[in-house]
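Reviewing the structure listed below.
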Amino acid sequence: MLRLASLKFGRLYRYAKLLFVASLLVVTLLNTHSLLASFQRNELTDRRFLSLNKCPACFGTSWCRKFMNGQLSFEGWGRLRLLDFFNVKNVHFAQYGEPREGSRRVVLKRLGSNQELSELDQRVCKKATGRPRCDLIQAMYKTDFARLNGDVRLLTPEVVEGWSDLVHCPSQRLLDRLVRRYAETKDSGSFLLKNLKDTERMQLLLTLSFNPEPLVLQSFPSDEGWPFAKYLGACGRMVAVNYVGEELWSYFHAPWEKRVDLAWQLMEIAEQLTNNDFEFGLYLLDVSFDNFAVGPRDGKVIIVDAENVLVADKKLIKQNKPENWDVWYESKFDDCDKEACLSFSKEILCSRATVDHNYYAICQNLLSRHATWRGTSGGLLHDPPAEIAKDGQLVALLDECANPKKRYGRFKAAKDLRDYLAQLSNNVR
């Protein structure tokens, strides 16, 4: 009876596969004309495709001239809109060309899925009219995004606190930095909000609320040594950032020497974001192999997804001295059965001057034996050479960094791990 059932199930499965392939072929044939058209036309010059018609309910317009001049075009199969169904994150690869510089690869992001963008439109309409559909441009002027008119001098914490991870606990110093470095205006360089046009203010606030990644890249730019991808510009709801290289995941089975160097860089990133001369703590709340990339030439590790970065002003924490502000905060190890798990308290991250969160996140989700991703385990430093495995020091440091057994053990383990990886990296070069 069981054998008969399994045979029937097998036949059904094969029929289902054949039906799916046949359906795909039919759809392809029916859309042959549109497929050919997709290859022939450059949709990155289309205002509606870019959602430029929805501005100021968009992310900016600084790169619109480049888009409209045809300086950007999708690569290869990325021109087929039929494949957008599988591109849930709405991240695309394109070629960007300058007359005298040739072309180079860039990454285009819509900063959210189609569903999330649709929900954004509905929220704007409901706040303005009480209905899910409306004239989006007129509605924007009736929302909180337009509340800060030209008479408002500064962007202040009480207005935007909690809108996103970036401003979960904003200080005036952080907000002045966001406004001063805002790239979607011709008059950047001033922290005065009143110097922005009405549309620019609304675009800034909408970006801050929906997905603040562009503002993170602008406020902590790669040109100043921050480990983030370089922000290039926006047109409508399409943001352009510099292409870094292959994602960190593609190096999971790289030679041991390469993985040691990448692990050392990751720990250096954790240190830089935690302790820097600017006294901002940038805490990574989403850490996975997909969120980092490696430069093909310099081998440099860069953060390529900065949506979930919480910024705490350590200078303000030391000044205001909230309860337990000077007690070192130890993140709790999270032994969950899902990929890229992290345990944290945003409130504590915002109120402590000394925090081990970034060390914990990198060690648990990327480096140690607790790291799991796409069916693999063992982390980036899996299968070390026999002499290193026998020594046991690396495993001990990784375990203490991910799941410390001693009080404040992670702080010391993170420092010792950085030094140990630096030593290994120098030895193998």
Side-chain angles (χ1 to χ4, degrees), residues 144 147-148 151-182 188-196 201 204-205 207-209 212-221 224-228 268-286 303 306-332 342-362 407-408 410-412 414-415:
D144 290 341
R147 191 173 66 181
L148 303 180
D151 297 327
V152 178
R153 185 170 178 270
L154 298 173
L155 180 62
T156 54
E158 60 269 15
V159 174
V160 297
E161 183 176 359
W163 278 21
S164 60
D165 289 334
L166 176 60
V167 289
H168 187 79
C169 49
S171 65
Q172 190 60 56
R173 189 165 69 101
L174 172 63
L175 296 181
D176 288 348
R177 187 183 182 94
L178 296 183
V179 176
R180 186 171 63 249
R181 292 166 177 259
Y182 185 51
S188 60
S190 171
F191 64 88
L192 296 177
L193 195 66
K194 67 178 184 179
N195 287 347
L196 299 180
R201 279 193 296 274
L204 186 155
L205 294 173
T207 305
L208 187 60
S209 171
E213 179 177 358
L215 302 177
V216 174
L217 306 188
Q218 294 165 33
S219 302
F220 302 94
E224 297 178 8
W226 294 97
F228 298 106
E268 287 294 304
I269 288 174
E271 175 64 20
Q272 179 187 6
L273 297 184
T274 303
N275 299 306
N276 51 72
D277 294 338
F278 301 94
E279 292 197 78
F280 283 117
L282 284 72
Y283 301 117
L284 305 175
L285 305 187
D286 182 11
I303 299 168
E307 177 182 357
N308 302 110
V309 177
L310 184 150
V311 179
D313 191 335
K314 292 187 175 184
K315 185 177 287 188
L316 185 65
I317 293 172
K318 294 172 183 176
Q319 177 184 317
N320 290 345
K321 295 180 171 58
E323 185 179 0
N324 295 325
W325 71 275
D326 56 350
V327 177
W328 289 16
Y329 175 59
E330 297 180 283
S331 302
K332 293 182 179 179
L342 286 178
S343 173
F344 53 83
S345 165
K346 293 182 182 180
E347 282 61 41
I348 293 180
L349 294 178
C350 287
S351 60
R352 301 287 181 93
T354 307
V355 174
D356 68 359
H357 172 83
N358 285 332
Y359 313 132
Y360 151 68
I362 296 294
R407 189 181 186 191
Y408 304 137
R410 185 180 285 120
F411 290 95
K412 185 177 186 305
K415 181 182 182 305

With [X], which residues qualify under salt bridge (charged side-chain N to carboxylate O under 4.0 Å, His left out), at least two apart?
X      : answer
Arg352 : none
Lys346 : Asp165
Glu161 : none
Glu158 : none

(message) Once you measure the plane-to-plane angle for Phe228 and Phe220, does it fall in the parallel (<30°), tilted (30-60°) or perpendicular (>60°) bin?
(response) tilted

Please state whether the rings of Tyr359 and Phe411 are parallel, tilted or perpendicular, taking 30° and 60° as the class boundaries.
perpendicular

Close side-chain approach of [X] to [Y], heavy-atom, < 4.5 Å:
X      : Y      : value
Leu148 : Leu205 : yes
Val167 : Leu178 : yes
Leu175 : Leu154 : no

_For Pro157 versus Pro170, what's the shortest heavy-atom pair and its separation?_
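Shortest heavy-atom contact: CB-O, 3.5 Å.
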
Compile the donor-acceptor pairs under 3.5 Å between side chains in residues 318-328 and protein atoms, sequence neighbours left out, one pair per line.
| unit_1 | atom_1 | unit_2 | atom_2 | d |
| --- | --- | --- | --- | --- |
| Lys318 | NZ | Glu279 | OE1 | 3.0 |
| Lys321 | NZ | Lys318 | O | 3.0 |

Sorted by chain and residue number, the side chain to side chain contact (heavy atoms under 4.5 Å, CB included) partners of Ala361 (sequence neighbours excluded) come out as Val287, Leu342, His357

Applying side chain to side chain contact (heavy atoms under 4.5 Å, CB included) to Ser171 and not counting sequence neighbours gives Arg173, Leu174, Phe280, Asp313, Leu316

Counterpart residues, side chain to side chain donor-acceptor pair (under 3.5 Å), relative to [X] (two or more places apart):
X      : answer
Tyr182 : none
Ser209 : none
Asp176 : Gln172
Ser345 : none

Report task. List in chain and number order the residues that pass ring pair (Phe, Tyr, Trp, His ring centres under 6.0 Å) with Trp163, two or more places apart in sequence or in another chain; answer none if no residue qualifies. Result ->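 Trp163 satisfies ring pair (Phe, Tyr, Trp, His ring centres under 6.0 Å) with Phe145 once adjacent residues are dropped.
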
